[in-house]
Structure formats: C-alpha cells, structure tokens
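Working notes for the structure below.
One-based numbering along the sequence shown. Remember, it's 1-based here, ligands and their atoms both numbered in the order they're listed. Keep in mind it's a predicted model, so treat the numbers as computed, not measured.
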Amino acid sequence: MVGQLEFRSDYFGDRAAFTALVDLLFDTFEIDIGQLDRLGGPDPTSMPFGYFDETGRCVANFSAFSTPLVINGRRVHAVGYQSGAVRPEYRGQGLYRDLMQRAFAWAEGQRFEFGMLLTDKPGLYTSYGFRVIKQHMFHGPMPAAAGVLPCRHLSIENDADVALIRSVLIQRMPVSERFAVTGHIEEFLLNACFDPSIRLSHMPDHDAIVAWREGAGTFHLLDIASRDIPLLAQVIAAVQTRAERAAVYFPTDRLGWTGETGRYEGSCDLMVTGDTDALLNSGPFMLSPLAEF
Ligand SMILES: CC(C)(COP(=O)(O)OP(=O)(O)OC[C@H]1O[C@@H](n2cnc3c(N)ncnc32)[C@H](O)[C@@H]1OP(=O)(O)O)[C@@H](O)C(=O)NCCC(=O)NCCS
C-alpha cells in the first residue's frame, strides 16, 4: 500500500496539498484549519511530513513547527509537533511511525533544545524520549479591581478585530517568565475559533488582548497577549466581571496575584523531550489553552 503513496514534506506552498491536509484533519478530528485562510495563513515555520494517494488525497501527516518558549526567564529554541493523523484504511501499516521518525530526525538536524506535543495517546511517543509532565492552574479569591478603562469585546469573526489581535500577538511579551510561548499566533487565533466559549477583549490602556470565560462565579483567565501584561486587578476592572473567584491557566508571575495551585486535567497530556530540568524545577506551570496545538 505504501508503495502507491507519494511522500512529501514542506508542502504548504502547494495549495492543493495544504487543502488535502485540511480535509485529513477535518475527517479525523472535526477541526477546520482551513479557517487559517482568513486568519492570516498557516504558521510559516510549519514543516509537514505527509503521504498522498494518486488522487492527491492526504492519507497521513505529522508536522513539526518552531515554537520559541521562555522557561524560567530563558529563551528556549523549541519544536512542537502537531497534526498527526492517518486515514483509517491506512492505519496499522507503519505510516505514522515513518512520519514520526522523519519529523524527529528533521528536528534533530535543526538543533532544537526542547520538544513538546499534546496527545491523548502518550504511548505513541514514549519510545522517542517524550514523557508526560503534569500541568497546574491557579485559583483563588479575586483581588480588588484597579481602575482602568473598560475593555471592548472582540469577535474572531470580524476581520478588523482579527487584524487587531494579530498586530498585538506579533509584538506580545511572554505572558509568564516561568513558562510561556513567545509567538504562536496561528494557534491563538485557531483556538479562539474552535471554542466559542472563549471571549476575547481588548484593554485599550495596555493594548492587551485578554482571553477569558466566566462561569459559576469564577472568572477564568486563559491568556493575555500584550507588550505590557496588565495585573489581574486591572484585567478584572477592564472586563467588569462580578465573579468572586479567579482561575488562571498560566503561571501568574506577571499578574501581581498568586492563587492556590490545582491540577489541570485537559483532554490531552503535555509531553516533552530534551532539556526538561529547567522546566521541571521552575515550579507549577501550564501551557495556556490559547497556545494549545
Ligand atoms: C494514532 C495513529 C496516528 C496511528 O497511525 P498508524 O499509521 O496506524 O500507526 P503505525 O502503524 O505507524 O504505528 C506506529 C506505532 O504506534 C503504535 N500505535 C498505533 N496506534 C496506537 C494507538 N491508538 N495508541 C498507542 N499506540 C499506537 C503502534 O503499535 C506502533 O508502535 P511500534 O512503532 O512500537 O510498533 C492513527 O491511528 C490515527 O490517525 N488515529 C486518530 C488520530 C490520532 O489519534 N492521532 C494522534 C494524535 S496525537
């Protein structure tokens, strides 16, 4: 079967091949990354590895991408892996093993010092040196609101709002010095599209995009993109929430607030490989839900 397939890498320049990947991911996960067309296009650092049949259908894929991080104050040259799928009729024949090996070999050649992925099947990756690390969120009573201008609520469906969000994301500072992505523009926008419960608001005096949701008396702070991260007290004043408790889904070192630590149970495990000591020694952390990939 594999003999009838064409292997391709770095194929996003070919519109038909990219569309074939969009179809594979939609058929596998029911997510539409074709929305990237109106959000500014795919991540330019993405390095897809895939197999295509004679009709041009993408039957298997695994992608690597550059994801610069800050860990404990240090900039880290990191690689992420995503978009792993094989069409049902091609499973069990070693296609995914082949694509993983190609992607990991490519990343080794790029000298990334740290690799990460999110998965509900950690067993796929343990033999390649990945291990699951626990993630933690932070929760506690709200601080008193500090006086700032009210925010404007944005819509991910509105082109002008998308342009504003992109412009802020391009210049963002890491939301935490302990653990945060420094770029990840496409993931932020896609995650906001995929989950309609996520609200995006613009704080004018910090030129900050706040990603949040509210429920059961709790204000859930998911991410902040800005060149100047506001304090939690300022965020809650801008959003004008009446919630009594806060839950924050990234390390809170820039927020002027500390909560209790709680285990974060997402639908996927975070797996990492490489020099993980700095991360594991830096205290509880999690990858912001807007940076998930
Ligand atoms: C998981 C998936 C990508 C595997 O593709 P595949 O081409 O059938 O996998 P392969 O035949 O190349 O097998 C590769 C290895 O993974 C193992 N494996 C396959 N499916 C697995 C699963 N569901 N859970 C754990 N390990 C699995 C195989 O035993 C094999 O191990 P080995 O290299 O030690 O022999 C495919 O079943 C799929 O697309 N599933 C739905 C989407 C998904 O879960 N993607 C992964 C997201 S992280």
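- With sequence neighbours left out, Arg97 forms a salt bridge (Lys or Arg N to Asp or Glu O under 4.0 Å) with no residue at all.
- The residues lining ligand 1, counting any heavy atom closer than 4.0 Å, are Thr28, Phe29, Gly84, Ala85, Val86, Arg91, Gly92, Gln93, Gly94, Leu95, Tyr96, Arg97, Thr119, Lys121, Leu124, Tyr125.
- Comment: Asp27 engages Arg87 in a salt bridge, judged by a side-chain N to carboxylate O separation of less than 4.0 angstrom.
- Side-chain N/O atoms of Thr45 and Asp43 include a donor and acceptor closer than 3.5 Å.
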Criterion salt bridge (Lys or Arg N to Asp or Glu O under 4.0 Å) on Lys134 and Asp269, from CA distance to verdict: CA-CA 8 Å; Lys134 292 184 177 137; Asp269 286 324; over 6 Å; no
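- Comment: Arg172 engages Asp223 in a salt bridge, judged by a side-chain N to carboxylate O separation of less than 4.0 angstrom.
- Between His136 and Phe179, the gap from one ring centroid to the other reaches at least 6.0 Å.
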